[in-house]
Amino acid sequence: MALNAIVEDVTAAIAARSRDSRAAYLARIARAAEDGPARAHLSCGNQAHAYAAMGPDKETMAKGRAPNLGIVTAYNDMLSAHQPFARFPALIKQAATEVGATAQVAGGVPAMCDGVTQGQPGMELSLFSRDVIAMAAGVALSHNTFDAAVFLGVCDKIVPGLVIAAASFGHLPAVFLPAGPMPSGLPNDEKAKVRQRFAAGEIGRDKLMAAEMASYHSPGTCTFYGTANSNQMLMEVMGLHLPGASFVNPNTPLRDALTAAGTQRALEITALGDAYTPAGHILDERACVNGIVGLMATGGSTNLVLHLPAMARAAGIVLDIEDFARLSAVTPLMARVYPNGLADVNHFHAAGGLAYMIGELLAAGLLHPDTRTVTGEGLAAYTREPKLTEGAVHWSDGPDHSHNDKILRPASDPFQPSGGLRALEGNLGRGIIKTSAVAEDRLMIEAPARIFDTQDAVKDAFKAGEFTQDTVIVVRFQGPRANGMPELHSLTPTLSVLQDRGLKVALVTDGRMSGASGKVPAAIHVSPEARDGGPLARLRDGDVIRLNARAGTLDVTDPAALTRDPVTPDLSANETGLGRDLFAAFRAHAAPATQGGGIVS
């Protein structure tokens with residue numbers, strides 16, 4: 001199948017926009033690679049420090065003839081998704097030893113859980129943790145003793161931060177090793193109903209706690225299709241995972257075998273061999289386009305519209321939200337996974353998963369087939385799925401049909417003809433909206449605004465019974481420079497209750513919503529942010545706002561509202577406590593949301 005004309009045109013536009021920055025990036029990583037393995041150029045004292053604790057591997061490392069693998073891990077045992085990584089270094093070292101190589105834990109990076117910090121002050125560090133992760137991984141790899149790296153991370157900001165680091169060290173091969181989703185627990189739609197009943201005051205906290213514990217119940221990634229699982233899809237479609245690695249459950253023989261196989265593949269593609277595949281060559285314009293198409297086809301997380309531009313910039317590539325909009329328009333929505341449906345990622349995987357989806361998108365001409373990947377082949381390798389045979393992984397052809405068309409459908413007969421994210425633009429700025437779970441009759445809402453400067457103020461107004469008519473709720477001063485751009489997902493139960501009461505409601509904000517948010521229309525990432533005098537700072541209660549997801553517009557109907565002086569809020573409450581004082585420089589220098597909202601690229 002010939003490449004879709006829009007996919008081809010968007011890729012060409014990205015390449016043209018990025019020509020100078022990409023050329024400079026490739027020249028930089030070529031210079032880093034041209035001297036060969038860095039260990040050969042370290043002094044004897046440098047090397048002795050690096051090998052001192054390596055026991056029987058010391059001699060192998062001192063000879064410098066075998067590849068040495070750096071492990072960058074986001075392990076902690078508070079995050080269920082990352083707790084399985086406790087076992088990975090031993091598995092990786094054993095796999096390296098079996099092929100005559102060595103491996104070292106180069107360093108750890110922080111990994112916070114947005115589920116723990118949701119609606120809490122700590123969430124104001126969440127987006128910036130991506131930049132900290134990138135820098136911490138950079139410190140880990142700065143010892144310059146590694147021929148390749150494996151990255152252990154799953155969740156929201158962790159994978160994007162690790163990708164930024166992999167791009168910065170783009171002369172090194174990089175393989176991402178996931179941990180996999182927890183087995184299915186309490187269905188996500190049932191959990192959501194319990195949350196709504198609690199928000200409405202119908203049940204007590206004991207019932208809420210029981211439901212939450214039954215949903216988040218074991219090691220592994222949360223099973224809904226939020227940012228963590230969108231990240232895993234992205235790594236596979238962009239060629240940084242082994243095929244079929246994303247959604248295999250933790251602590252299973254197949255998961256361990258995939259970890260060993262990923263380790264050995266990383267060692268095969270170093271500059272010491274004949275299959276040298278630096279990460280910076282995998283992370284090109286085509287890979288970025290494939291990632292966006294995968295995001296649209298699965299109805300993935302809105303957070304990736306922040307992260308992908310930041311990841312791409314680290315490799316010299318400039319993305320724009322218009323790229324997302326144009327690709328969304330031609331990409332069919334093939335999956336229904338909560339919050340876009342009732343299934344979870346385990347059900348998606350069982351229905352055919354990424355192997356089926358990638359095969360369908362390739363056949364439809366919607367993915368670049370000729371990208372470089374860690375397999376050494378094009379993207380067709382990712383239509384195969386791993387099987388365990390006598391303790392080793394082998395790949396066989398993936399399914400040629402969906403095993404459950406209520407969860408996964410062919411590109412020719414999708415749930416929707418276009419993807420789940422749309423760009424918005426109007427006199428209130430630029431933003432995005434996730435539409436894959438929004439009912440058709442709610443894609444256009446025009447109503448008077450209620451203006452709030454904090455999410456807590458929205459909850460207080462709800463408890464006071466102030467929402468009695470159709471309303472566009474504006475929550476401003478939530479951008480990167482105001483308070484770090486926290487997710488506002490804790491508003492979802494409140495807004496859902498209002499919607500279920502028959503009101504038409506929408507959210508407009510310069511902040512974020514979780515990748516798990518869905519059925520309430522939400523115009524998010526609105527830029528320029530209110531903190532910088534953006535249009536949201538000029539709105540007042542009663543201004544009529546029109547959010548039209550079909551047309552891709554976001555406007556206040558009376559342009560005279562935008563001639564007012566912007567409100568200047570007191571943001572001092574966001575500046576201290578729970579580490580926020582340490583991030584003042586990040587808030588002061590953060591890029592706009594349209595460029596990823598961070599300080600590292």
Side-chain angles (χ1 to χ4, degrees), residues 113-120 123-124 126-127 156 186-203 205 207-209 211-212 215-216 222-230 299-303 305-306 337-342 344 420-421 431-439 442-443 445 450 452 454-463 467 471-476 478 485-526 547 549:
C113 179
D114 287 1
V116 175
T117 59
Q118 200 66 246
Q120 306 298 322
M123 174 57 78
E124 295 177 16
S126 175
L127 179 59
D156 297 37
L186 180 74
N188 287 292
D189 62 316
E190 292 185 28
K191 174 195 68 181
K193 289 175 184 175
V194 172
R195 287 179 174 178
Q196 287 179 228
R197 292 187 66 198
F198 178 77
E202 297 173 2
I203 59 172
R205 186 169 293 276
K207 296 286 196 303
L208 176 64
M209 189 67 182
E212 298 288 356
S215 180
Y216 308 116
C222 305
T223 60
F224 57 81
Y225 195 57
T227 310
N229 287 315
S230 297
S301 168
T302 56
N303 281 325
V305 186
L306 282 170
V337 186
Y338 188 84
N340 307 329
L342 299 181
D344 66 24
L421 292 172
I432 62 165
I433 184 170
K434 182 175 181 177
T435 59
S436 49
V438 176
R442 296 183 182 275
L443 291 176
I445 292 181
R450 280 292 308 273
F452 300 92
T454 69
Q455 58 183 312
D456 288 338
V458 179
K459 296 174 188 177
D460 291 343
F462 171 77
K463 292 174 183 176
F467 298 113
T471 309
V472 174
I473 296 169
V474 176
V475 187
R476 60 191 180 186
Q478 305 298 309
M485 205 178 187
E487 288 186 350
L488 304 179
H489 181 61
S490 67
L491 292 178
T492 299
T494 297
L495 300 178
S496 297
V497 168
L498 294 175
Q499 187 165 271
D500 290 347
R501 288 175 180 170
L503 299 181
K504 281 195 170 185
V505 293
L507 176 70
V508 174
T509 181
D510 48 8
R512 298 185 290 133
M513 287 294 276
S514 166
S517 303
K519 67 179 185 178
V520 177
I524 59 177
H525 308 179
V526 176
L547 167 58

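Throughout, residue positions are numbered sequentially from 1 according to the sequence presented. If you're wondering where the values come from, they're calculated on a predicted model, not measured in any experiment.
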**Message:** Apply side chain to side chain contact (heavy atoms under 4.5 Å, CB included) to residues Thr302 and Leu421 and explain how you reach the verdict.
**Reply:** CA-CA 7 Å; Thr302 56; Leu421 292 172; 3.4 Å; yes
**Message:** Quick one, Glu487 with Asp156, criterion side chain to side chain contact (heavy atoms under 4.5 Å, CB included). Give me CA distance, side-chain angles, the key distance, then yes/no.
**Reply:** CA-CA 11 Å; Glu487 288 186 350; Asp156 297 37; 3.8 Å; yes
**Request:** Given side chain to side chain contact (heavy atoms under 4.5 Å, CB included), test Asn229 with Val337 step by step and report yes or no.
**Result:** CA-CA 11 Å; Asn229 287 315; Val337 186; over 6 Å; no
**Request:** Take Ile524 and Lys434 through the test side chain to side chain contact (heavy atoms under 4.5 Å, CB included) and record every step on the way to the result.
**Result:** CA-CA 9 Å; Ile524 59 177; Lys434 182 175 181 177; over 6 Å; no
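Put simply, the side chain of Ile433 reaches to within 4.5 Å of the side chain of Pro521, judged on heavy atoms.
Expressed to the nearest 0.5 Å, how far CD of Gln499 lies from OG1 of Thr492 amounts to 10.5 Å. The line from CG of Asp344 to OH of Tyr225 is 13.0 Å long, rounded to the nearest 0.5 Å. With rounding to the nearest 0.5 angstrom, the CG atom of Leu488 is 5.0 Å from the OG1 atom of Thr509. Between the OG1 atom of Thr227 and the CG atom of Asp114 there is a distance of 7.5 Å, given to the nearest 0.5 Å. For the atom pair OH (Tyr338) and CD (Glu190), the distance works out to 11.0 Å, reported to the nearest 0.5 Å. Atom CG of Leu491 is separated from atom CE of Met513 by 6.0 Å, given to the nearest 0.5 angstrom.
In this structure, Asp510 contributes its side chain and Val526 its backbone to no donor-acceptor pair below 3.5 Å.
Each of Arg512, Met123, Gln118 was compared with His489 under the side-chain contact (heavy atoms from CB on, under 4.5 Å) criterion, and only Gln118 meets it. The only member of Gln196, Lys207, Arg197 that meets side-chain contact (heavy atoms from CB on, under 4.5 Å) when paired with Glu202 is Arg197.
Leu495 and Val505 make their closest contact through O-CG2, 3.8 Å (heavy atoms, listed as atom of the first residue, atom of the second, distance). The nearest pair of heavy atoms linking Asn340 to Gly299 is ND2-O, 2.8 Å. When all heavy atoms of Thr454 and Val475 are compared, the pair lying nearest together is C-CG1, 4.0 Å. Scanning both residues, Ala211 and Leu186, for their nearest heavy atoms gives O-CD2, 3.4 Å. Taking each heavy atom of Phe467 and Phe452 in turn, the nearest pair found is CZ-CZ, 3.7 Å. Residues Ser301 and Ser230 approach most closely at N-OG, 3.0 Å, considering heavy atoms.
Salt bridge status for Asp500 with Lys519: present, with a side-chain N to carboxylate O gap under 4.0 Å.
Annotation for Leu208: atom CG counts as buried by contact number, over 12 foreign heavy atoms lying within 6.0 Å. In this structure, Lys193 places its NZ atom where only 12 or fewer heavy-atom neighbours from other residues, nucleotides or ligands lie under 6.0 Å away.
Side chain to side chain, Ser490 and Gln455 meet the donor-acceptor criterion of an N or O pair below 3.5 Å.
Residues that satisfy the side chain to side chain contact (heavy atoms under 4.5 Å, CB included) test with Lys504, not counting sequence neighbours, are Arg442, Ile445, Asp470.
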